[in-house]
Amino acid sequence: MSSVYSDPIHGTHPEPIDHFDRLPDSLLLLVFNMIGDVKALGRCCVVSRRFHALVPQVENVVVRVDCVISDDDCSPSSSVKSRAAGPFSTLFRLVFGGIVKPLQALGQFLGPERPSLNKTLNTSSSSSLSVGLGGGEDGEMDQGGVTHHSPTQVLRNFNELRFLRIELPGGELGIDDGVLLKWRADFGSTLDSCVILGAASVFNNVHFQVPGHGNDGFCINNGSNVGNGDDNGSIPESFYTNGGLKLRVVWTISSLIAASARHYLLQSIIAEHKTLDSLVLTDADGQGMLCMNGEQLEELRVKPLSASSASKRTLVPALNMRLWYAPHLDLPDGVVLQGATLVAIRPSEQSASKKEVSDASWLSSAFEEPYGTAAKMLVKRRTYCLEMNSF
C-alpha cells in the first residue's frame with residue numbers, strides 16, 4: 001500500500017515514488033561499473049545516500065588526469081575545507097591545461113601527497129560540480145579555489161577495486177611531428193616484457209609520393225613490394241653511419257625509462273588495493289601503455305621492486321632485444337611508415353619456457369590497428385639481436 005502525505009491546500013495525495021528504490025543494488029552497481037569515470041562517480045555520490053553507499057563498491061574505475069602543474073603555479077595559502085560529510089566529501093575537479101615535464105611530475109601526483117609537493121594534479125572548483133571521491137582533507141592544497149588531489153587519494157575509498165585505468169594527459173616523450181613512437185610494457189616486480197614500434201615518418205595518404213631518400217638517409221624504392229621482404233630484410237649500411245641506429249637506441253632507452261618511472265609510482269595504489277586484477281597506466285596520446293595483470297600485481301606485493309639509484313623509477317634489468325627494420329612499409333589501409341622499427345625486449349635471465357620475443361601474436365597484440373599489422377609485417381623480416389646492461 002502506498003503511503004500518503006497531507007497537503008493543507010489540495011488535501012491528501014499519495015507520496016511520490018522514487019523509482020530508483022525499486023532497482024536492486026546489483027543493477028545499480030552494474031551501471032556504475034559501466035560509467036567507470038571517477039568524476040562521474042563522484043557526482044553520483046551526492047544523488048542519494050544509497051548511491052553514496054554503493055559507489056565505494058565499484059570494481060571498474062577510470063581516472064583521467066587532465067593537467068599537471070608545478071610549484072611555480074601554486075603559492076602558499078589556506079586550504080579550502082570541504083563542507084560535505086562522509087568519506088566522499090571532496091571530488092577533485094580536473095581542468096585542462098598544459099603539461100610541465102610530465103615524466104618529472106608523475107611521482108608527485110601518482111604517489112601519496114607530501115607537504116613539499118612539487119608537482120601535482122590540478123583541480124579547479126570552477127570547472128565542474130563540487131562533489132566527489134577525494135581522500136578527505138589529508139594532503140589537500142588550495143590556491144584561489146584550486147584543489148589538488150592525487151589518484152592515490154581519490155581511489156582510497158574504493159573498497160572492491162578490480163580494474164583500474166589511469167590516463168595521463170600526454171606521453172612523457174617529446175617527439176617531432178610526423179614521427180611515430182609507441183610502446184607497451186608489462187611489469188611484475190620488474191620488467192616482464194616491452195615492445196616498441198617506431199617510424200621516422202608516417203604518411204596517411206596512400207597516393208603520397210615519398211622522396212627518393214627517407215629521413216634515415218637511405219634510398220627508398222617506391223615499388224609496391226617494398227617492405228614485404230624483397231630486400232631480405234637487410235638493414236642498409238647507411239643506417240649505421242647516419243644516425244639511424246642511434247635514434248632507435250634513444251627511442252628504446254627513453255621508452256624503458258618512461259615505463260619504469262610509471263611502474264615505480266604505482267606502488268602505493270597497488271599496496272592499498274589488494275583486490276586489483278588489472279591495472280593500466282596509459283596516456284591520451286596513445287604513446288605508451290604500462291600493463292599489470294593479477295599475477296603480476298601479486299608478484300609486486302610479495303617481491304618488492306628494485307629502485308634505480310639515479311632516480312625514482314624501477315631498476316631495468318639486463319635485457320635481450322630483437323630488432324626488425326624496414327626502410328619503407330605500406331600498410332593495408334594506406335598508412336605508410338618510413339624507417340619502421342620494431343623492438344621486442346625481455347630480461348636476459350628470463351627462462352626460455354616463457355613467450356618468445358619472436359612470437360608475432362604477442363607483438364602484434366601490443367598495438368591497435370593499423371600498427372598491429374605493421375608489427376606482423378616487420379617480424380617476417382631479418383632479426384637483429386642486441387643486449388643491454390641493467391640501468
Side-chain angles (χ1 to χ4, degrees), residues 18-66 82 84-95 109-113 121 123 125 127-140 147-169 262 265-284 289-298 300-301:
D18 184 349
H19 293 285
F20 271 108
D21 287 341
R22 297 182 173 184
L23 299 177
D25 288 352
S26 58
L27 182 57
L28 290 177
L29 282 172
L30 178 63
V31 173
F32 290 152
N33 277 298
M34 295 181 69
I35 292 173
D37 181 73
V38 72
K39 291 187 291 183
L41 291 173
R43 296 184 181 102
C44 290
C45 280
V46 297
V47 171
S48 68
R49 291 179 180 177
R50 186 185 181 200
F51 282 18
H52 189 279
L54 286 175
V55 168
Q57 302 175 42
V58 170
E59 298 179 345
N60 180 42
V61 174
V62 179
V63 179
R64 292 183 175 90
V65 179
D66 293 325
S82 172
F88 292 92
S89 57
T90 55
L91 175 65
F92 67 110
R93 276 77 61 192
L94 307 178
V95 297
F109 69 82
L110 281 182
E113 300 291 345
L121 184 64
T123 62
S125 60
S127 64
S128 64
L129 185 63
S130 176
V131 295
L133 298 168
E137 298 173 358
D138 178 38
E140 283 188 21
T147 308
H148 310 282
H149 297 279
S150 73
T152 301
Q153 289 177 293
V154 174
L155 295 168
R156 189 165 294 155
N157 293 293
F158 286 96
N159 304 319
E160 307 292 337
L161 194 58
R162 293 184 59 199
F163 307 100
L164 174 61
R165 180 183 179 93
I166 300 175
E167 185 176 293
L168 304 178
R262 292 187 186 186
L265 299 166
L266 292 171
Q267 292 179 83
S268 58
I269 293 176
I270 294 170
E272 288 186 13
H273 298 279
K274 301 188 185 307
T275 56
L276 268 177
D277 289 332
S278 174
L279 192 157
V280 173
L281 177 52
T282 185
D283 53 77
M289 177 181 292
L290 181 148
C291 301
M292 300 181 72
N293 59 31
E295 182 180 345
Q296 292 165 331
L297 290 163
E298 188 58 31
L300 178 58
R301 296 187 187 102

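Here the structure is a predicted model, which means the values were calculated and not measured. Note that these values count all heavy atoms, side chains included, but never hydrogens, waters or copies made by symmetry.
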Asker: At what distance, to the nearest 0.5 angstrom, does CZ of Arg43 lie from CD1 of Ile35?
Answerer: 11.0 Å
Asker: For the side chain of Gln57 and the backbone of Leu54, is there at least one donor-acceptor N/O pair under 3.5 Å apart?
Answerer: no
Asker: Just wondering, do Ile270 and Met292 contact through their side chains at under 4.5 Å, heavy atoms?
Answerer: yes
Asker: OG1/Thr282 to CG/Leu168 distance, rounded to the nearest 0.5 angstrom?
Answerer: 7.5 Å
Asker: Please list, chain by chain and in numerical order, all residues satisfying side-chain contact (heavy atoms from CB on, under 4.5 Å) with Arg49, sequence neighbours excluded.
Answerer: none
Asker: Does Asn157 reach the side chain of Pro56, with side-chain heavy atoms less than 4.5 Å apart?
Answerer: no
Asker: Not counting sequence neighbours, which residues clear side-chain contact (heavy atoms from CB on, under 4.5 Å) with Ser48? List them please.
Answerer: Arg50, Phe51
Asker: If you round to the nearest 0.5 Å, how far is OG1 of Thr275 from CZ of Phe163?
Answerer: 10.0 Å
Asker: Using 0.5 Å steps for rounding, measure from the CG atom of Asn60 to the CG atom of Leu29.
Answerer: 12.0 Å
Asker: Mind checking the CE-CZ spacing from Met289 to Arg165? Nearest 0.5 Å is all I need.
Answerer: 5.0 Å
Asker: Do Leu266 and Leu290 have side chains that get closer than 4.5 Å, going by heavy atoms?
Answerer: yes
Asker: Can you measure from CD (Glu272) to CD (Gln267) and round to the nearest 0.5 angstrom?
Answerer: 12.0 Å
Asker: Do Phe158 and Leu164 have side-chain heavy atoms sitting under 4.5 Å apart?
Answerer: no
Asker: Is there a side-chain contact between Leu30 and Leu27 in this structure, where contact means two heavy atoms from C-beta onward sitting under 4.5 Å apart?
Answerer: yes
Asker: Kindly indicate whether the side chain of Ile166, heavy atoms from C-beta on, has any atom under 4.5 Å from the side chain of Ile269.
Answerer: yes
Asker: For the residue pair Asp283 and Arg262, establish whether any side-chain heavy-atom pair is separated by less than 4.5 Å.
Answerer: yes
Asker: Tell me, please, which residues at least two apart from Arg162 pass salt bridge (charged side-chain N to carboxylate O under 4.0 Å, His left out).
Answerer: Glu59, Asp277
Asker: Kindly give the heavy-atom pair with the smallest separation between Pro169 and Ala284, and that separation in Å.
Answerer: O-CB, 3.6 Å
